Every structure is written in C-alpha cells, then in structure tokens.
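Accompanying notes for the structure given below.
Proteins get letters first, then strands, A, B, ... in listed order; numbering begins at 1 in each. Just so you know, these numbers come straight off a predicted model, no measurement behind them.
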Amino acid sequence: MRIATYNINGVKARLPRLLEWLDETKPDIACLQEVKSQDDGFPVGEFERAGYGAIWHGQKSFNGVAILARNAKPVEAQRALPGDPEDEHARYLEADVFGLRVASIYLPNGNPQPGPKFDYKLKWMQRLRARAAELMAAEIPAVLAGDYNVIPTPKDIWSASAMLDDALRQPESIAAYRTLLAEGWTDALATHYPQGGVWTYWDFQAGAWQRDHGFRIDHLLLSPVVADRLIACGVDKDHRGREKASDHAPTWIELAA
DNA sequence: ATGTCGACCATCGGTCGA
C-alpha cells in the first residue's frame, strides 16, 4: 500500500498535474495540503472520475487539506486540530481508511520570526503533539503526513548555513518536531535515507529548482506498528520539474500489506 | 539584494502568503 503526501499549492491551478500524478503513481492514499479552495470549490467530481474518493477541509485563498483514497472514501475522524476553538485555519484533517488512521497536516510556516506567526506555529505544534499522543496511547495504527514546515536537521537542506534565520530551522521548531519522534513516531524518510540529501521542496524563487537548492519539509510520521510495515519510501522528484508544478514534490511510503 | 507563484478583489495591478 502506497501513501503519499503532496503540498499542491492550489488545487485548481494544479488539477491537470495532480490527476496525471494520481494516474502515473496510483497512491492508495494521498494527503493534500495548500488546497487553497473553499469547500464548495473543491473538484471532488474530477477525483471521483479518476477513481478516488475524497474528504476535504477547505478555506478561501489559503491553507486547506484533503485526503484521497483509491476506490474508497475516507471516513472522517477529526476536522481541525483540537485545543484552540479560535483557530480558524484549515490545516488538519484525520480519517480512517484501509485500516489506518491518516492525518493530512499543513503545519503553519511561522515566518517572520520572531512574531505572532511564529508563536502560532509553536502553539500549533504543541497541539499536534497532544493529538499525536492520544493516537499513540490508543495504539491506533496511524500515519501523520503533511507539510510540517520544519527542516529537521542540517542534512535536510542543500546548505547547512542556508535559512538559519527562517522559522523552518529555528531550534524551537526543530525541538518540537524531535519531541514527536522521541514519543515514538518514526520519520519514514529519515529512517530510510540516514545520509540525508533528500529534498521535497524547492522554492519558486532564485532558480532554486535549477540549482537543486531544496530541503525536506514534507514528512510521514508512522506509529510503531505502521513503522514495522515500512518497506520503501521516496520522493516523486520529476513531478517538481514539470510545467505548472507545485513548489513541493509528492513524498510517499510503501507499506507491506 | 534579487530572482516566483497562486488566490483574491476587481480588473488588466496591488496585496497577501509562502
């Protein structure tokens, strides 16, 4: 079973590319972020024609997450991260599908830092930790997939000295991410590629793609029983280089049946 | 230092977020 996460940066602008990717790679589950569409503008019919059931949490202009499943409809388990009723951002969706609990996560970017956006990011990460701990305590087989907006180590960016002032590399952001790992979650790509050098994002600016100035911020975190089933993982890098591509590449894991 | 892109409002450019 293949599970992918893909920050698509606008579902309407990327729809042809997205349908092409689904057809070429046939993930069983696809977690999407930065849908950038209101609920009623989500192209559910296009996905259904492609053989994918979908649930989504939309928002005008920004954010927005979705979960697609091949020849199945995910059963929604949680909409929005618990812990702050005043948080209106559409950044979290959780569903049961194919015997797994799957979350699609669009973690706040947090720039500029310091500032209120960075404070929001760190509070959001505390809430994610609490939710993840609930799933862990209940021993639910789970995959927390998405754009974490965290560069976990210096091996996860093209230059160890790049972006040091950025919210994605702050010690507080990295510590919050590492706390998840310390509590039993497995970073699938980090486990499979300990040497690093695997990117999932290349900025649109400054020729970052052409220079391979990327970094790794799209992560799949696996609960223990799911980690035991991990047989392969990777990044569909060539999709980043196509016409009208997102600035992220699809990132995936393969689980033993 | 800068380089791009999508959504939106409301046009044909500016603003925001990334």
Exercise for the section: Look at the side chain of Ser61(A) and decide which nucleotide, out of dC8(B), dG3(B), dA18(B), has an atom nearest to it. Expected result: dC8(B)
Practice task
For dC9(B), take OP1 and OP2 only and decide whether either is under 4.0 Å from a side-chain N or O of Lys60(A).
Solution key: yes
Practice task
Can you figure out which of dC8(B), dA18(B), dG6(B) approaches the side chain of Arg91(A) most closely?
Solution key: dA18(B)
Practice task
Specify the residue among Lys244(A) and Tyr201(A) whose closest nucleotide of DNA chain B lies further upstream toward the 5′ end.
Solution key: Lys244(A)
Exercise for the section: Scan side-chain atoms only and decide if Thr251(A) and Asp218(A) contain a donor-acceptor pair under the 3.5 Å cut-off. Expected result: no
Exercise for the section: Please tell me which of the listed nucleotides, dT4(B), dG3(B), dG17(B), lies nearest to the side chain of Phe204(A)? Expected result: dT4(B)
Handout entry: Pairwise C1' distance, dA7(B) and dT2(B) [rounded to whole Å]
Key = 24 Å
Exercise for the section: Calculate the interatomic distance between Asp203(A) atom CG and dC5(B) atom P; express it in whole Å. Expected result: 10 Å
Exercise for the section: Return no unless some side-chain N or O of Lys36(A) is found under 4.0 Å from OP1 or OP2 of dC8(B). Expected result: no
Problem - Euclidean distance, atom CD of residue Gln205(A) to atom C1' of dG6(B) [Å, nearest integer] - result: 13 Å
Problem - Spacing between Phe118(A) atom CZ and dA18(B) atom P, to the nearest angstrom - result: 14 Å
Completion exercise
Between Arg211(A) and Gly10(A), whichever has its closest DNA chain B nucleotide further toward 5' is Arg211(A)
Exercise for the section: Write down the distance separating the C1' atoms in dG3(B) and dA18(B), rounded off to the nearest Å. Expected result: 15 Å
Practice task
Identify the residue among Tyr148(A), Tyr201(A), Trp202(A), Phe204(A) that makes a ring-ring contact (aromatic ring centres under 6.0 Å, His included) with His248(A).
Solution key: Tyr201(A)
Problem - Whether Trp21(A) and Tyr6(A) hold their rings parallel, tilted or perpendicular, with breakpoints at 30° and 60° - result: perpendicular
Problem - Near-strand residues of residues 147-160 of chain A, defined as heavy-atom separation under 4.0 angstrom from DNA chain B - result: none
Handout entry: Nucleotide dA18(B), atom P - distance to CG of Asn7(A) in whole Å
Key = 11 Å
Practice task
Could you tell me the separation between the CG atom of Asn63(A) and the P atom of dC16(B), rounded to a whole number of Å?
Solution key: 17 Å
Handout entry: Sugar-phosphate, base or nothing in reach of Ala206(A), heavy atoms under 4.0 Å
Key = base
Handout entry: Centroid-centroid distance, Tyr177(A) to His219(A), less than 6.0 Å
Key = yes
Problem - Between Arg211(A) and His213(A): side-chain donor-acceptor atoms closer than 3.5 Å - result: no
Practice task
Could you measure between the two P atoms, the one in dA10(B) and the one in dG14(B), and give it in whole Å?
Solution key: 16 Å
Exercise for the section: Would you please name every residue forming a side-chain contact (heavy atoms from CB on, under 4.5 Å) with Glu134(A), sequence neighbours left out? Expected result: Arg131(A)
Exercise for the section: For dT15(B) versus dT11(B), give the span between their P atoms, rounded off to a whole number of Å. Expected result: 14 Å
Handout entry: Between C1' of dG6(B) and NE2 of His248(A), the distance in whole Å
Key = 13 Å
Exercise for the section: Taking only the side-chain heavy atoms of Lys12(A) (C-beta and beyond), determine which of dA7(B), dC5(B), dG3(B) contains the nearest atom. Expected result: dA7(B)
Completion exercise
For Leu15(A), the side-chain contact (heavy atoms from CB on, under 4.5 Å) test, sequence neighbours excluded, returns Leu19(A), Pro43(A), Glu46(A), Phe47(A)
Handout entry: Atom-to-atom span, CG of Leu107(A) to C1' of dG17(B) - whole angstrom
Key = 16 Å
Handout entry: Lys36(A) and Asn9(A): CA distance, side-chain angles, deciding distance, side-chain hydrogen bond (donor to acceptor under 3.5 Å, both in side chains) verdict
Key = CA-CA 7 Å; Lys36(A) 293 188 178 179; Asn9(A) 195 353; 2.8 Å; yes
Practice task
Quickly work out the Gln210(A) CD to dT4(B) P distance and round it to whole Å.
Solution key: 11 Å
